[in-house]
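Below is one structure, written out as structure tokens, with a few remarks after it.
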Amino acid sequence: MKKGDHLFLVDGSGYIFRAYHALPPLTRKSDGLPVSAVLGFCNMVWKLTQDARNTDVGVVPTHFAVIFDYSSKTFRNDLYPEYKANRSAPPEDLIPQFGLIRQATKAFNLPCIEMEGFEADDLIATYCRLACDAGGDTTIISSDKDLMQLVGATVGMYDPMKDRQIGVPEVVEKWGVPPEKMIDLQALTGDSVDNVPGVPGIGPKTAAQLLEQFGDLDGLLTRAGEIKQEKRRESIIANADKARISRELVTLKNDVPVIEGLDDFTLHEPDGPKLIGFLKTMEFSSLTRRVAEATGTEPADVQAVAVTIERADTAHGPDVGFGVPAAAESAVGAVTDEAGGSTAAGREPREGDTPSLLSALRFEDATARKIDTSAYVCIRDTAVLKAWIAEAMEAGIVAFDTETTSTDPMQAELIGFSMATAPGRAAYVPLAHKSGNGDLLGGGVVENQIPIREALGVLKPLLEDKSVLKIVQELKYDLVVMSRHGIDVAPFDDTMLISYVLDAGTSGGHGMAALSEKWLGHSTIPLKELAGSGRSFVGFDQVDIDKATAYAAEHADVTLRLWRVLKPRLAAKGLVSVYERLERPLVPVLARMEQRGISVDRQILSRLSGELAQGAARLEDEIYQLIGERINIGSPKQLGDILFGRMGLPGGSKTKTGQWSTSAQLLEDLAAEGHELPRKIVDWRQLTKLKSTYTDALPGFVHPNTKRVHTSYALAATTTGRLSSSDPNLQNIPVRTIEGRKIRTAFIADKGNKLVSADYSQIELRVLAHVAEIPQLTQAFADGADIHAITASEMFNVPVEGMPAEIRRRAKAINFGIIYGISAFGLANQLSIPREEAGAYIKKYFERFPGIRDYIDATKAYAREYGYVETIFGRRIHYPEIRSSNPSVRAFNERASINARLQGTAADIIRRAMVRMDDALEKAKLSARMLLQVHDELVFETAEAEVEATIPVVRHVMENAAMPAVSMSVPLHVDARAANNWEEAH
DNA sequence: ACAGAAGCTTA
DNA sequence: GTAAGCTTCTGTT
């Protein structure tokens, strides 16, 4: 190699992963072999090796090599055993492509370089240095930040997937430091993917700023005491060693004893027949054609060649990591603490044990017996199933779980079920597992499974038996699935809901995996180990029955053990009535609502979608006219660059990632100053939002059989006790703008029916008036007065009559502010007034309503003392961070806890109404059915003739929902209306 | 494929 | 200033 020569080094391993995820899936037609990354690789290499005019790099390579990782074990593992330890196995359909890409490289007549003990990056670094020594230039084909330290006068990078050159300026722009400081920057930031530790709390922005200030890592570490920010200083001093080891890990080795020299990399003309042989084997027809043309080869004369296809267990490529999940020791501490230390040590529970003692004993019991997933029974015979069911009947208690093909219970097909009668004693009953590898003729039902009708016939009496308690995790799902098979499961307990009642607001969710870790110290088998994930995901019916047995029976076993630990805790904490009145009975109510669904008129949506598309297209044209370029308007990044960079509009704030903010608020302000463009962008966003989120998405949720839309309500998703709705979310259907409201006209009643919408008026303010005992507000609600006007009148001494709209608007904002845990900052933002003015309003408000200030102070003090707040029905919401030393974290938790009492109480009230509603309607012999809940609103469908009789019943149940548990000092008021669609009923 | 940011919809 | 979920874009594995 000599001066003027140009070496191309392709980061083969890096490319494989990126291509795999970036490119659409592609399989070889003849046999389904996954080849998308192989095709991407071949296209790229072909382009790069052709004449410079055909490439995007703009230079002609004289030397060319493709570099791979040999395996994930390298000298870095000796430096730091955890290095890359949390890498997971590559996706199954990528594995055969590792070998194929190496074979592709050889077919291109290119050197295929890898070396045991070194990463591809080290080899690249070494060849860069060799080329530089010889006076040549190098282009690294990669976009990996780990390679950016090599960039310099003779070394550049090129990202083939984004067609982007990466030189010194690009590195500085992206990372804030020149390439030679990348090593120090990475040493500070670390890399969670490769398990490079770095310094906790230091990200790229901070690292760049520190390196600017102190020159380099050594300078920073020696003078760390000079850093002003306390946390940052302490973290850097405490983690200096981690930074040093990180620097070693990220520093690429440029003196690897390589075997091939640069002269071996001299680029030759491609060998047409050899390359075409490989491409034909891969069935890449269009690339075959192009290569044939360029090399003057006749493809028909070339035979496809044999390739080696590696199986998952023999493939090179990144090894599976050894990351072992940390044991959940916290749970041990939690329980024994509450049980009073060691009093619970290893004895049998006795009659008369206190609930907390019992819970601790059960906890010990549950964790002492280790979970052995290989010890479960697979039931494939009706007689055996009957014996298990008899055992469950005898026990009076059984944990139960279903296995299906979908997370949507309305679409799910039942594949099997599992049950547990005692810890460790669990079984799985396969019903509809299929065999075959998914080819067209395969997919036959596996033999020796109990016929589904027969099994369910045996199971039904158990699930419906009043004397047998069924324990289920996330009960609602199974309730819907079993209800579709004509089984009404009762009575029941739901471990997810018990956890939610006990621990809403504490870290960690209430799903089975999290609860098992937390309470049993046991990691459950992840579904993806059985069924894969992403593109390789298969339905549960394709899962091997032995594996399914371990997985499914484990669920029943874990559920039962969780119940034994958690259920006594309810009593220990005085939360039984919350669970029994607000949570458990709502499950079948919601299950029925979800199963009913609501009718949606697809024609209306389709017409609206067309109108929105037209409107958006017109605005798009006008926007392109104004900016003189066709950018992606949906990209805030591009938009910000054009608006505030090139066009020089007065840009406001930047977001936390340093981008220009293009929020609607900011664009509205610009529009108000007379700029034409921002208005159009805001309008365009509204139209495209309505189209993509609603008119285009909703029809996809119409169920093929019922022709209705079935949302899914989550009972344990919010901290405050509200429900949430998803797939689709029917709790955020537009209502504020006229364009948005049109979407509601598509939600319709079936023929002969009406929709009835009933909503609580100002429920959270009424709750506030009640709990804070504010006489003026209580009186105003009793009088049925305009609450915001009364507030304004009290504050500003103006009569309600003839009050200017602006005055009332401000009082309204303050009222809402109180519910949200008011701050001067927030109120100022909302009203677009200076913070001082907002502060003065709040002061004035508290002077007139001192009871509210007392209420807020009392709530904060309570939350700080106990770590939680309670609704008036006793629901607990935890705020573990309320004592944080960070003032903004603390303030946030204070606001949230103030809001939680109000929002949570309102949520409890509507829950109580929902639990009673079906009974009340039945007693009144009405056909009305509850369909939707939107926090303070219930939507029903009812026979047209019964509308007049239905509304008073609904109103009565809702308005008296707090009774008799709580007699509120403020009346609840419900507005209700009937119409053919949701827009008119609301 | 997935995660995070930005933005927008609701109560 | 509270509580959610969904879509698009962007960057990364």
Side-chain angles (χ1 to χ4, degrees), chain A residues 13-14 16-23 25 84 87-88 90-91 94 143-145 159 161-162 174 191-194 318 533-537 632-640 655-657 659-667 682 685-686 688-694 696-697 711-712 714 717-737 740 743 759-760 763-764 813-814 816-831 838 842 877 891-904 906-907 910 933-937:
Chain A
S13 295
I16 295 174
F17 278 96
R18 257 187 96 204
Y20 173 76
H21 289 305
L23 301 172
K84 293 200 174 177
R87 280 273 168 110
S88 53
L94 179 55
S143 62
D144 192 339
K145 71 168 186 309
D159 177 350
M161 306 192 67
K162 294 231 175 92
K174 174 96 194 267
D191 186 332
S192 58
V193 174
D194 290 345
S533 68
R535 277 183 285 189
S536 58
F537 185 81
N632 183 349
I633 308 171
S635 161
K637 191 172 179 293
Q638 293 181 31
L639 195 60
T655 64
K656 60 182 160 186
T657 52
Q659 286 300 315
W660 294 105
S661 166
T662 65
S663 67
Q665 177 65 59
L666 198 144
L667 296 182
V682 170
R685 278 188 184 160
Q686 194 205 4
T688 51
K689 172 79 179 175
L690 292 175
K691 182 169 185 294
S692 65
T693 309
Y694 302 105
D696 288 355
T711 182
S712 172
T718 72
T719 49
T720 56
R722 275 191 177 181
L723 305 179
S724 75
S725 155
S726 63
D727 309 295
N729 181 355
L730 295 185
Q731 290 181 323
N732 72 346
I733 301 301
V735 71
R736 279 176 208 190
T737 63
I743 289 162
D759 68 295
Y760 285 106
I763 187 166
E764 286 173 0
I814 293 170
F816 273 96
I818 298 293
I819 292 168
Y820 297 152
I822 201 153
S823 77
F825 182 85
L827 184 63
N829 253 348
Q830 176 68 31
L831 289 174
I842 295 170
I877 300 130
F892 175 80
N893 278 273
E894 287 171 355
R895 290 194 299 272
S897 58
I898 291 160
N899 172 256
R901 282 183 77 185
L902 306 172
Q903 191 186 107
I910 197 165
Q933 190 251 40
V934 193
H935 308 307
D936 65 1
E937 175 189 11

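The sequence lines fix the lettering, A, B, ..., with proteins before strands; numbering per chain opens at 1. As a basis for the values below, the full set of heavy atoms in this structure was taken, side chains included, without hydrogen atoms, waters or symmetry mates.
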Just call it for [X]: base, sugar-phosphate, or nothing, with non-hydrogen atoms closer than 4.0 Å on any strand.
| X | answer |
| --- | --- |
| A:Gly634 | sugar-phosphate |
| A:Ala813 | base |
| A:Ile819 | nothing |
| A:Asn732 | base |
| A:Ser823 | base |
| A:Leu690 | nothing |
| A:Tyr20 | nothing |
| A:Asp727 | sugar-phosphate |
| A:Ala664 | sugar-phosphate |
| A:Phe816 | nothing |

[X] has a side chain; which of [options] sits nearest to it?
| X | options | value |
| --- | --- | --- |
| A:Asn899 | C:dT10, C:dT2, C:dG1 | C:dT2 |
| A:Asn632 | C:dT2, C:dC9, B:dA11 | C:dC9 |
| A:Ala896 | B:dA11, C:dA3, C:dG1 | C:dA3 |
| A:Ser726 | C:dC6, C:dT2, C:dA3 | C:dC6 |
| A:Thr719 | C:dT10, C:dG1, C:dA3 | C:dA3 |
| A:Val735 | B:dT10, C:dC6, C:dG1 | B:dT10 |
| A:Ser724 | C:dT13, B:dT9, C:dA4 | C:dA4 |
| A:Asn829 | C:dT2, C:dG11, C:dG1 | C:dG1 |

Kindly give the heavy-atom pair with the smallest separation between [X] and [Y], and that separation in Å.
| X | Y | value |
| --- | --- | --- |
| A:Leu667 | A:Thr662 | CD1-O, 3.6 Å |
| A:Thr720 | A:Ile877 | O-CD1, 4.0 Å |
| A:Thr718 | A:Leu723 | CG2-O, 4.0 Å |

Would you say [X] places a side-chain N or O within less than 4.0 Å of OP1 or OP2 belonging to [N]?
| X | N | result |
| --- | --- | --- |
| A:Thr662 | B:dG7 | yes |
| A:Arg736 | B:dT10 | yes |
| A:Ser692 | C:dT7 | no |
| A:Arg895 | C:dT2 | yes |
| A:Ser725 | C:dG5 | no |

For [X] and [N], what is the distance between atoms [atom1] and [atom2] respectively, to the nearest whole Å?
| X | N | atom1 | atom2 | result |
| --- | --- | --- | --- | --- |
| A:Ile818 | C:dG1 | CD1 | P | 15 Å |
| A:Ile633 | C:dT7 | CD1 | C1' | 16 Å |
| A:His935 | B:dT9 | NE2 | P | 16 Å |
| A:Glu937 | C:dA4 | CD | P | 20 Å |
| A:Lys689 | C:dG5 | NZ | P | 13 Å |
| A:Ile743 | C:dT7 | CD1 | P | 13 Å |
| A:Arg685 | C:dT8 | CZ | P | 14 Å |
| A:Gln686 | B:dA6 | CD | P | 23 Å |

Using a cut-off of under 3.5 Å, enumerate the N/O to N/O pairs linking the protein to nucleotides 2-5 of chain B.
none

Go through the structure and list residues passing side chain to side chain donor-acceptor pair (under 3.5 Å) with A:Arg895, not counting sequence neighbours.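 With sequence neighbours excluded, A:Arg895 shows a side chain to side chain donor-acceptor pair (under 3.5 Å) to no residue whatsoever.
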
Residue list, side chain to side chain donor-acceptor pair (under 3.5 Å) with A:Lys145, at least two apart or on another chain: A:Asp191

Side-chain donor/acceptor of A:Gln638 to backbone N/O of A:Ile633, under 3.5 Å: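 No, the answer is negative, given that no donor and acceptor are paired below the 3.5 Å cut-off.
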
Is there a donor-acceptor pair under 3.5 Å between the side chain of A:Thr693 and the backbone N or O of A:Leu690?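 Not confirmed, A:Thr693 side chain does not pair with A:Leu690 backbone.
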
For A:Asp144, enumerate each residue passing the salt bridge (Lys or Arg N to Asp or Glu O under 4.0 Å) test, keeping only those at least two apart in sequence or located in another chain. none

Taken in chain and number order and not counting sequence neighbours, the residues that satisfy salt bridge (Lys or Arg N to Asp or Glu O under 4.0 Å) with A:Asp936 are none

Tell me whether A:Phe17 and C:dT13 count as stacked here, given that the ring centres must be under 5.5 Å apart and the planes must differ by less than 30 degrees. no

Salt bridge (charged side-chain N to carboxylate O under 4.0 Å, His left out) pairs, two or more places apart, involving residues 718-733 of chain A: A:Arg722-A:Glu764

Record whether the side chain of A:Gln903 comes under 3.5 Å of the base of C:dT2 through a donor-acceptor pair of N or O atoms.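 Looking at the base of C:dT2, it does pair with a donor or acceptor on the side chain of A:Gln903 (distance under 3.5 Å).
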
